[in-house]
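As C-alpha cells, the structure follows; a few thoughts come after it.
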Amino acid sequence: MPGHHRVRFADIPATPSSTFSGASLASSPGPATPPSLLATPLPSKHSNSPSPYYATLPLPGTVQVHPVLACTPDLGAPLSWDLTQPVESVLVRTATALRPLSAQVAMEPATMPKLASITIICAQLPWSITVVPRQDAPWAAPYVTVGDVLYTLYRTLRLGVTQAELGMCEAKHHELVRDAYVARYGRVAHPAARALEKTKGIKRVDFLCCAQLFKGLSLVPEGNRAKGLAPGMVWELHVARP
C-alpha cells in the first residue's frame, strides 16, 4: 500500500458535531442544498499525484467514498477496527496482510469529489454525526479526509450519554446498552484504569451493543432533503458483531 509512515492520532481537543435524531432520513419534497464541493485550487501539499485507491473517477453528479471506508459486503471489511478501541488500532486490509493506517492514506479525501462536510448515520445510533475538516490535525486539508472520518467517529462515540437519552431507550435495549458498557470497561486490563473507566458511565459507543466492528460506509442515495443534505452528503455506518 502507498506510504509506510503510520499516522498518529494525537488527542486533539475536539467537540464532535452530532445531532440526536430519531426521525427517518427519508426525503421530502423541496429543493436540497447541493454538496459543498471544493472547486478552488488546493495548497501545494494537497496537489500531488492522485491517490491510487481511486482507480476511476465517479460519474458526474455522483459521489464515491474512499475505498478504505467503503462498505463492501462481497469483499469483506476494508478496515479492521473495533469501534470501542482507539483509532490507532485501525488496520487496513491489503492483498497480503493487515497494515497500520498510513499518514498518506489519512490525508486522502474521504470522498470524490471532495466535500467540505458529510453526515454519518447508523441504525444502532439515535444520533447523526457531522464530519468536517480538522485544521489542527496532522491530516488537515480543506476537505473531509479519511483521517477526519475515523477521528470524528472515535471522538463522537466516546461522548457520554445523558439520562434523558437513556430514558428514550426501550427496556430491552437499555439492558443491552448497559451490558455493553459493563463488558467494555471489564476488558480494561489494569484495575485502576478499569475502575476509572467504570466511573465515566455509559458512552455512545455502548449503543452499538455487541455490533462493534467497523464494516464501512454506504451512500444514503436520497440524502436528507428535509435537513438540506443533498444526495452524496449522507452516509450510513455499518457495524457487525465480532
Would the distance check show the side chain of [X] and the main-chain N or O of [Y] forming a donor-acceptor pair, the cut-off being under 3.5 Å?
X      : Y      : value
Thr72  : Leu75  : no
Tyr181 : Lys198 : yes
Ser89  : Pro86  : yes
Gln135 : Ala141 : yes
Arg93  : Ala77  : yes
Arg194 : Val188 : yes
Thr199 : Leu196 : yes
Gln85  : Asp82  : no

#### Entry: Identified side chain to side chain donor-acceptor pair (under 3.5 Å) counterpart of Arg184 within the set Asp179, Thr84, Asp206
Asp206

Taking every non-hydrogen atom, the tightest pair across [X] and [Y]:
X      : Y      : value
Cys210 : Pro242 : O-CD, 3.2 Å
Pro109 : Met112 : CG-SD, 4.0 Å
Ala116 : Pro133 : O-CD, 3.1 Å
Ala110 : Leu69  : CB-CD1, 4.0 Å

### Message
Let's go through Val65 and Trp235 carefully: what are the C-alpha distance in whole Å and the side-chain angles of both, what is the deciding distance for side-chain contact (heavy atoms from CB on, under 4.5 Å) to 0.1 Å, and is it a yes or a no?
### Response
CA-CA 9 Å; Val65 73; Trp235 298 82; 3.6 Å; yes

Do [X] and [Y] land in one hydrophobic cluster if side-chain heavy atoms of ILVMFWY residues count as linked below 4.5 Å?
X      : Y      : result
Leu208 : Leu166 : yes
Leu176 : Val182 : no
Leu217 : Leu83  : yes

### Message
Before you tell me yes or no, could you show the steps for Arg204 and Thr156 under side-chain contact (heavy atoms from CB on, under 4.5 Å), namely the whole-Å CA-CA distance, both residues' side-chain angles and the distance that decides it to 0.1 Å?
### Response
CA-CA 8 Å; Arg204 293 186 176 188; Thr156 303; 3.8 Å; yes

### Task
Might you work through the side-chain contact (heavy atoms from CB on, under 4.5 Å) test for Ile118 and Val234, ending with a clear yes or no?
CA-CA 6 Å; Ile118 64 172; Val234 182; over 6 Å; no

Evaluate the side-chain proximity of [Y] to [X]: yes if any heavy-atom separation is below 4.5 Å, no if none is.
X      : Y      : value
Cys209 : Gln124 : no
Val205 : Arg158 : yes
Thr152 : Thr130 : no
Pro231 : Arg225 : yes
Val92  : Leu98  : no
Arg99  : Thr96  : yes

For the atom pair [atom1] ([X]) and [atom2] ([Y]), what is the distance rounded to the nearest 0.5 Å?
X      : Y      : atom1 : atom2 : result
Cys122 : Leu153 : SG    : CG    : 9.5 Å
Cys71  : Lys215 : SG    : NZ    : 9.0 Å
Leu125 : Leu237 : CG    : CG    : 7.0 Å
Lys227 : Ser128 : NZ    : OG    : 4.5 Å
Tyr185 : Lys200 : OH    : NZ    : 14.5 Å
Ser80  : Leu91  : OG    : CG    : 5.0 Å

### Message
Can you see whether Thr111 engages His66 through a side-chain donor-acceptor pair at a distance of less than 3.5 angstrom?
### Response
no

### Query
Step by step, would you call His173 with Phe207 a ring-ring contact (aromatic ring centres under 6.0 Å, His included)?
CA-CA 8 Å; His173 187 211; Phe207 272 62; 5.5 Å; yes

### Message
As a quick check of understanding, evaluate side-chain contact (heavy atoms from CB on, under 4.5 Å) for Ile129 and Thr119, giving each step before the final call.
### Response
CA-CA 6 Å; Ile129 300 170; Thr119 296; over 6 Å; no

### Query
In terms of the angle between their ring planes, are Trp139 and Tyr151 parallel, tilted or perpendicular, with boundaries placed at 30° and 60°?
tilted

#### Entry: Glu197 bridged to Lys203 by N-O distance under 4.0 Å
yes

